[in-house]
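These notes concern the structure reproduced below.
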Amino acid sequence: MLEQSNLGQAFFNSFMIAIPATVLPVTIGAFAAYAFAWMNFPGRNYIFLALVGLLAVPLQLTFIPVLHFYVQNLHWTTDNLEATGIPGLPWVPLWLAHAGYGLPFSIYLLANFFRALPSDLFESAEIDGAGTLTVFFRLVMPLSVPAIASLVIFQFLWVWNDLLVALIYVGSSAEVAPMTVNLANLTTSLGAGSNLLTAAAFFSMIVPLIVFLSLQRYFVRGILAGSVKG
Amino acid sequence: MASVTYDHVVKRYTADVTVVKDFNVDIKDKEFMVLVGPSGCGKSTALRMLAGLEAITEGKILIGDRVVNNVAAKDRDIAMVFQSYALYPHMSVYDNMAFPLQMAHMKKSEIDKRVRNASRILGLDNFLKRKPRALSGGQRQRVALGRAIVRSPKVFLLDEPLSNLDAKLRGQTRVELQKLHRDLQTTFIYVTHDQVEAMTMGDRIAIMNAGILQQVGTPGEIYDHPANLFVAGFIGTPTMNFIPANVTNGSAKASGFEVKLPKALPAGSKGTLGFRPEAVTDRTTDGGTTLDMKVDVVERLGSDQYLYGSVGGDQLTARVDPRMAVAPGDRVRLGLDTRGLHFFDGESEQALL
Amino acid sequence: MASVTYDHVVKRYTADVTVVKDFNVDIKDKEFMVLVGPSGCGKSTALRMLAGLEAITEGKILIGDRVVNNVAAKDRDIAMVFQSYALYPHMSVYDNMAFPLQMAHMKKSEIDKRVRNASRILGLDNFLKRKPRALSGGQRQRVALGRAIVRSPKVFLLDEPLSNLDAKLRGQTRVELQKLHRDLQTTFIYVTHDQVEAMTMGDRIAIMNAGILQQVGTPGEIYDHPANLFVAGFIGTPTMNFIPANVTNGSAKASGFEVKLPKALPAGSKGTLGFRPEAVTDRTTDGGTTLDMKVDVVERLGSDQYLYGSVGGDQLTARVDPRMAVAPGDRVRLGLDTRGLHFFDGESEQALL
Amino acid sequence: QNAGSVKVIAEWASTEQANFLSVLKPFEDSTGIKVQYESTRDLSAVLRTRVAAGNPPDLAAAPNPQLLTQFAQQGKVIALDDKIDMSQLKQNYSQSWIDLGTINGKLYQVYSWVSLKGLIWYNVKAFQAKSYTVPKTFDDMVTLQSQIKGTGTTPWCVALKSGGADDGWPGSDWLKEIVLSQSGPDVYDKWVAGTQKWSSPEIKAAFTTWGKVLGPGDDSNVFGGSKGITNTSFKTGGNPLFTNPPKCYLHNQASFITTFFQEANPNLQPVTDFNFFPLPDITASYAGAHVVSGDAWSMFHDSPQTRKLLNYLTTANAQVIWVKKGGKISPNKQTPLDSYPDPISKESAQILVDTKIGKYDATDLMPADMRSAAWKACLDFVTNQGKLDSILATLDQVQATAYKSS
Amino acid sequence: MDFGVLLTDLPTLVVVILGVPALIGAYIVGSEFLVRRLSDKRRPQVRPWFWVGPALFLVAAYLLLPAIGTVFQSFENNNGNFIGLGNYESQFANFPTGGAWVAIRNNVFFWLIFYTLFTLAFGLILAVLFDRVLYENIVKSLIFMPMAISSVALGVIWNFMYQYQSPGESQLGTMNALVTFVLHHDPVSWLQDQWPTPTFNILNNLALIGAATWGITGFALVILSAALKGIPADLLEAARVDGAGELTIFRRVIFPLMMPTIVVVGTTLVIFALKAFDVVYVMTAGNYGTDVLAYRMYNQLYTAGNSGGASAVAIILLIAVVPVLIFNLRQFRAVEARR
Ligand SMILES: Nc1ncnc2c1ncn2[C@@H]1O[C@H](COP(=O)(O)OP(=O)(O)OP(=O)(O)O)[C@@H](O)[C@H]1O
Ligand SMILES: Nc1ncnc2c1ncn2[C@@H]1O[C@H](COP(=O)(O)OP(=O)(O)OP(=O)(O)O)[C@@H](O)[C@H]1O
Ligand SMILES: [Mg+2]
Ligand SMILES: [Mg+2]
């Protein structure tokens, strides 16, 4: 029963899906959020608002056009990607999809925090000769650690718990399907062993909790204290 | 060449808030220029425009021969001490000071040398590993200063860098800054509220009021020949005595005394007679002008004694020997040294004398 | 009754960082106490403990007769000007100042009266609707001060409230604060780095160094009778001249001169002779002590002229008439006024004279 | 081994998945064709998306043929007439099963496993203790009801909850049985096709007949009343049969329910502890009418391997493998009755074979909108039978639009 | 259990964990390198587009284009023929119980108001309270826990909470145990009872919202508490010295300073409320007057295969978001003016 449930494979698949699908929207979102918060470009506010608005698009509506494009134009089916033999490749469509779906919130949240950093710091860094990259990596990122930590937690959790998106973009075959798909299958069947279900549910819950607990220490107080007077 | 030129510079925040008005100064290469003026007059704004942190509404600013209006701050090669410090809160004191040097891709050993040198000068050796939040106000200010002085930029901008330091440390640091200026041969622009700093540190002093430049000159010129009533009143503590007076054949007549003017002024001029407290002393000379003062307040300062009182209908301040015995209510006879006499036009407030 | 008592107060941040050590002061009701000391010596920490913002590691603090160690900050009825201003960024200047009054449930009309009065005194009338972000450094500091002076608390704590103001405004504000003290009859504790403020404003001055109280006394006592070498060196600008000397039958012998001591000291004592720059002048008196100085640096301050140079092997500073003509390299003969002579023990650094 | 592969999607997971895989095993072994089986709970979402994107599986089995019928109408699935062995099919299946899969004269769906609806379960020992007898006619059953009620217990257990999207379907089972048995196959077919109005006397009569079972005052014949009905999961709905004393004596549910009986009370034995009788005939002329349901197969992608597999799945050899594991009935005439593992499944298979009027589950054939509205109507009816007319009016409205949009 | 794969495939995982960030890093470093070759004036004009580029591309591909497609589809029937407002007409048919009306009512009144307010209020209160407790991390983890549970499991748990047994039976559901034991009231059929009236059934909707709130409070808590910790301590100190009590400090200092973040969380919650799906899907399937837009859309799309109707519902949902966006724009300008 356990053998056939492929729990170990699914567990691994979940990581293969969740980690890049968290890293992508958080980093790409951070870049964009920084630009929205601290750079000037035409239409900035309206583009930003459009992003927030897109947060409301029901994902189900996007599946068909996106999958259609994957299959018809890119020939990105799980089969084709697996056939290349490159490990990890079958998940690329899913990573990108999760990135696309996660970005609006990612940008919205981070831009809000980035905007709250005192402008004096940016000025002083500029005077010190820091370029955009340095300011981003050495000031913005470390000073926004609480926001980034919370975003990582949420994005990871959403991806980790996601069933539908994974089902659509990679399907439910054991080689690629994550825990959730596995779990959902366990629950449908009439009279599945409920202890197996409990064990699997525990597994799927414990990982986000570990992520949460281990990132908690980044929720530091007064990260900006002592920086500016007035 | 790192001269700095403000050419008809204007800064407006909103249509009706103009904080710098038609500002023109030439600061020479290697000059130590002190910028003073009342709180809110636009000093910081002037520096920030030069640093590239604030858009210039009108006019242009040149560093050397180059118009920098559109040059990014980081490309202007300027070091600045922010009035608000703006320390990097997540970096240690050491890293705060090392940061600009790392930006310049300096060698690690050189960075270390410079940071340690600066922290020694500023008395921060024991705090190098601390984060800014665990420092006292004065220590933070020193870090902000340290972050600038480790560098060797084209221009140094210092916005009240010593305001939160005690007198002794301030004295030492002042000397160190002068030494730095001598060693680096860089242009310094230095904002301060401290009269002693202004008088002792600057090659020249620029005085602003309400966004308008009032006078630029050497400390001596400014002190001895203030261009107008504002400058005269702003420089010097206690402030200069101002007495309304009329000019009648070669002398000025105030309500309580009359004094011969060293230079002829058109008779009938109305205006303000000005002389500094140290021109009124307990040393009377024969034939000199004497004043009979009714003393209201006596202020003993240790090294000096100031008497505040009235002569005729006018209030004035005198500086006398600290050991002279006076009490409020006394009448004393004081001598006025006419070498330090000023006269300001009643209308334009410009100095006539 | 709002006396303030520090009773063996200790503040430790971590086991090895003790920033206030066994601090004992009695501040009387209605007293104006000035607290001075070098940057980082623990002044702000002492105030913050009194305000209830920092836990007291050991000892106790009393306001009146009440131990306040465990009283919440808001119940201590204290007004405080923070060194870092701590303005509410989302409130206008007006609201910043009105806030503490609203907390006291004061009537709207009374709040308005007080805020307008304070803003008039501080020259903030034109900025009442602005947010702190759009103010200059000095203006922000004035808002911070205004937020305290609108109130009538038991105790005022002011942590360098005037450091970012120009001399003139500082002078005016000083006077206003003194008036406030007279009118409200409240206890004031005032931290400053400005010697003039320290000397003129306080009923008494407390001097701290490295977390330890050095001396408490009236300005006159402190200036004329410093308890130890640190106090002597800390108070007064330029700083007191310190010359290593040995005592031999009634006089002290330095490398370049000998001076008769006004009081007998045990012969053979080794220590430091101290006298202030203003005790060394260009006025020599017959029979008085004269010094032959080789001038290194001449500092003209407008009202004064300081000469830095050497007598024998020792460096010292003299204050002479600003119109005396001297140039670096000159040798001048100066008189030493022995009335202001100090002698400090070589070991304990305590004043013997 | 390069015999190719077939991609199959269905809803079976876990135990059912294992059973299905064991059906495939001999096929894979003998042909060398690899079957890639994907199982998913959200079958309609996955299938619709994949089909729309042009990436469908080769074969899919769906529990509601209506989804597949839509695909057929849109030309997304392949007609099977020239793809599979029709003679074998006709030999194995009665014409009614073949007709079920025929749309516009072409065969699009075939069935491999089915189940029989409308079985009334009872506690054998409790029945004996009270000396109740199995009713032969509907009127007998109504008599039995009042007899049980007379002893102060409720005769029925009814449970309509299904954990989300499908709440209410067990109620529709009642309706379908009653409509078929009361008004006959023609009305039933028109009803499925959307040409029989819900407010017509026949359908309304079915509701009122069901209402007689539920009892006056909406629900007095049922344990827990209407709140109990809507709050109890169909999975546990029969359990009060086996309490001591029993809280109810009768429970209507399809053949799979035995699994849940035994899960809750592992000691229960079929026949000795529990047994069933088919819902008694209502109108004599329609005696022997039964509602069936099952998983229909459709082909999305034609290949020799796919054809082979589909052929295999329609054989008794294939179907008997799962039948032996229990819980499924084979529609195949060739499947020997003694392959059924227990007397109860054997009996239900026997009934299926004997069925004179066999009709496929009506709501599963209706458009999805209609189906959900019907399920919902069952819930509403149970909650307040007095509102029957307005419930039927709403259903008529849905009927008017639902058939158009699909 | 085949946890062996964890070991054999681990190198792939490592490569991915390192490779993906490296790739993204290379992009931004590379683009900055390119930007630096531009003239002083062009640089600030071009640079932002490099920074927002990848994000805009992905969002356009995965959300914007499909959304635009949805707009078109909402005017078409299933065969792709233009039918004007037909789909909207059927969604808006038969007020107040037909079409999408029940879903609209539930989303716009019940969900939007109660879900958003409850979650914000709990999140804010808990963030402020927990900020002062000793074992902050532990209590926060407890509140966070429900977030880690999948929606299916959440449904199972709350179905159990709301379980109903007939009056007189022992109540297995927590809520009904409370109701009968503490309040001596008959058990309530939480999810089915259309109380007070079937046209204004607030009770079962609130029961669903309660479950959803339980599941999402951790979200608000985490973000709000991150913002709370960013408030400069000296402002709170100043307020204390000014004589403000903790409540006043919260109202006058903490709350306004957190406002931008509250708006972010609030906006997100409003959007979540409009998109509410999981709980309804798992617990009532929109029965008993608990339908919501997203569930209706799902049904139309997958169960009924009516993509035009589904698109129309989605567009209704998107339009409902517009007022929130306008509010954001205002807030945005206010913050901009402040810094
Ligand atoms: N959180 C902390 N941890 C460790 N040391 C601290 C911390 N905060 C302050 N200190 C140290 O305590 C000492 C006293 O600080 P305090 O702010 O009281 O100085 P101060 O006398 O007010 O100085 P200044 O005049 O510069 O404001 C300083 O040396 C400072 O570095
Ligand atoms: N964002 C702004 N909007 C409007 N007015 C502003 C803004 N920022 C500053 N000001 C005003 O500009 C004037 C000049 O400010 P600036 O900071 O240059 O003064 P300053 O000379 O440095 O004063 P201080 O000595 O007090 O630091 C002040 O009156 C200030 O109120
Ligand atoms: Mg300034
Ligand atoms: Mg301090």
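Order of the sequence lines sets the chain letters (A, B, ...), proteins ahead of strands, with each chain counted from 1. Below, all heavy atoms of this structure are taken into account, side chains as well, without hydrogens, waters or symmetry copies.
A salt bridge does not link B:Lys74 with A:Asp128: every distance from a Lys NZ or Arg NE/NH1/NH2 to an Asp or Glu carboxylate oxygen is 4.0 Å or more.
Without hydrogens or angle criteria, A:Ser227 side chain to B:Leu87 main chain gives a donor-acceptor distance under 3.5 Å. Of the possible polar contacts, one joining the B:His90 side chain to the A:Arg138 backbone as a donor-acceptor pair under 3.5 Å is found.
B:Asn164 touches chain A through its side chain: at least one heavy atom from C-beta onward sits under 4.5 Å away, while N, CA, C and O do not. Residue B:Arg76: no heavy atom, backbone or side chain, is found under 4.5 Å from chain A. At a 4.5 Å heavy-atom cutoff, the contact between B:Ala72 and chain A is made by backbone and side-chain atoms alike. Neither the backbone nor the side chain of B:Ala104 comes within less than 4.5 Å of any heavy atom of chain A. Heavy atoms of B:Gln141 lying under 4.5 Å from chain A are absent altogether. For chain A, the nearby parts of B:Tyr88 are the backbone and the side chain; heavy atoms of each come within less than 4.5 Å.
No more than 12 heavy atoms of other residues, nucleotides or ligands sit less than 6.0 Å from atom OH of A:Tyr46. Heavy-atom contacts from other residues, nucleotides or ligands closer than 6.0 Å to CZ of A:Phe41 number more than 12.
A distance of 7.5 Å separates CZ of B:Arg133 from CD1 of A:Ile223, quoted to the nearest 0.5 Å. The line from CE of B:Met80 to CD1 of A:Ile127 is 6.0 Å long, rounded to the nearest 0.5 Å. One finds the CZ atom of B:Arg48 at 4.0 Å from the CD atom of A:Glu123 (value rounded to the nearest 0.5 Å).
For the pair B:Pro89 and A:Leu121, the minimum side-chain heavy-atom distance is below 4.5 Å.
If you tally non-hydrogen atom pairs under 4.5 Å between each of B:Ala51, B:Pro132, B:Ser84, B:Pro153 and chain A, the highest count goes to B:Ser84.
No hydrogens or angles considered: nothing links the side chains of B:Tyr85 and A:Ser124 as a donor-acceptor pair under 3.5 Å.
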